[in-house]
*Asks:* 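The structure that follows is given in the form of structure tokens.
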Amino acid sequence: LGDVYKRQDQYDALSEQDKKEFREAFLKKSGVSYPSFYVKLRNNTFKPLEEKCFSELMTQYNFVIPFEELTGRCYSQNQ
């Protein structure tokens with residue numbers, strides 16, 4: 001149960017501006033839609049690769065790398 005709220009807690013700890021930048025970076029890199037992001041965040045239902053993407057972005061945030069400098073996707077989607 002310890003990890004259940006971890007992602008939302010991490011996200012909620014960001015300032016409003018950082019939340020916006022984090023969300024935009026995550027959506028761009030993961031391919032997840034805006035509504036799905038909040039459903040996954042609330043229900044803690046990120047898939048493993050989405051979890052990895054979230055973790056990598058949060059790590060980069062913690063090292064004060066501006067989100068807009070992050071390029072590429074966390075993984076390629078087969079669409």
Side-chain angles (χ1 to χ4, degrees):
L1 201 68
D3 276 350
V4 172
Y5 297 106
K6 187 173 172 212
R7 296 288 171 230
Q8 182 143 18
D9 288 346
Q10 284 181 295
Y11 183 74
D12 288 346
L14 301 175
S15 70
E16 288 307 310
Q17 181 61 30
D18 285 342
K19 282 180 185 174
K20 182 175 183 257
E21 291 177 13
F22 180 89
R23 183 186 65 232
E24 293 305 313
F26 180 83
L27 297 183
K28 188 162 68 172
K29 292 175 77 67
S30 69
V32 169
S33 72
Y34 182 97
S36 292
F37 172 73
Y38 284 104
V39 171
K40 289 170 183 277
L41 189 66
R42 185 173 58 247
N43 299 328
N44 199 45
T45 53
F46 290 106
K47 294 186 170 104
L49 288 170
E50 295 162 354
E51 279 279 348
K52 182 174 182 284
C53 187
F54 194 105
S55 294
E56 287 173 2
L57 281 173
M58 200 53 78
T59 298
Q60 287 164 318
Y61 168 76
N62 290 329
F63 283 104
V64 200
I65 299 168
F67 293 128
E68 61 269 15
E69 290 182 16
L70 307 177
T71 58
R73 295 169 78 82
C74 289
Y75 59 96
S76 60
Q77 289 195 310
N78 300 321
Q79 293 184 355

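This is a predicted model, so every value here is computed, not measured.
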*Asks:* Calculate, to the nearest 0.5 Å, the distance between atoms CG and CD belonging to N43 and Q8 respectively.
*Replies:* 9.0 Å
*Asks:* Which label fits F26 and F54: parallel for a plane angle under 30°, tilted from 30 to 60°, or perpendicular past 60°?
*Replies:* perpendicular
*Asks:* So, are E56 and K52 salt-bridged, with charged N and O less than 4.0 Å apart?
*Replies:*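 Salt bridge: yes.
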*Asks:* Identify the heavy atoms of L27 and V32 that sit nearest to each other, and give their distance.
*Replies:*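 Looking at all heavy atoms of both residues, the closest pair is CD2-O, 3.2 Å.
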*Asks:* Would you call the rings of Y11 and Y38 parallel, tilted or perpendicular, where under 30° means parallel and over 60° means perpendicular?
*Replies:*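 Taking Y38 first and then Y11, their aromatic rings stand perpendicular (interplane angle over 60°).
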*Asks:* Would a 4.5 Å heavy-atom cut-off, applied to side chains only, mark R7 and T45 as touching?
*Replies:*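 Sidechains of T45 and R7: no contact.
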*Asks:* Can you measure from OG1 (T59) to CD (Q10) and round to the nearest 0.5 angstrom?
*Replies:*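 Spacing of OG1 (T59) from CD (Q10) equals 8.0 Å.
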*Asks:* Applying the side chain to side chain donor-acceptor pair (under 3.5 Å) criterion to Q17, which one of E21, K19, K20 satisfies it?
*Replies:* E21
*Asks:* Enter the distance from D9:CG to L41:CG here, rounded to the nearest 0.5 Å.
*Replies:* 9.5 Å
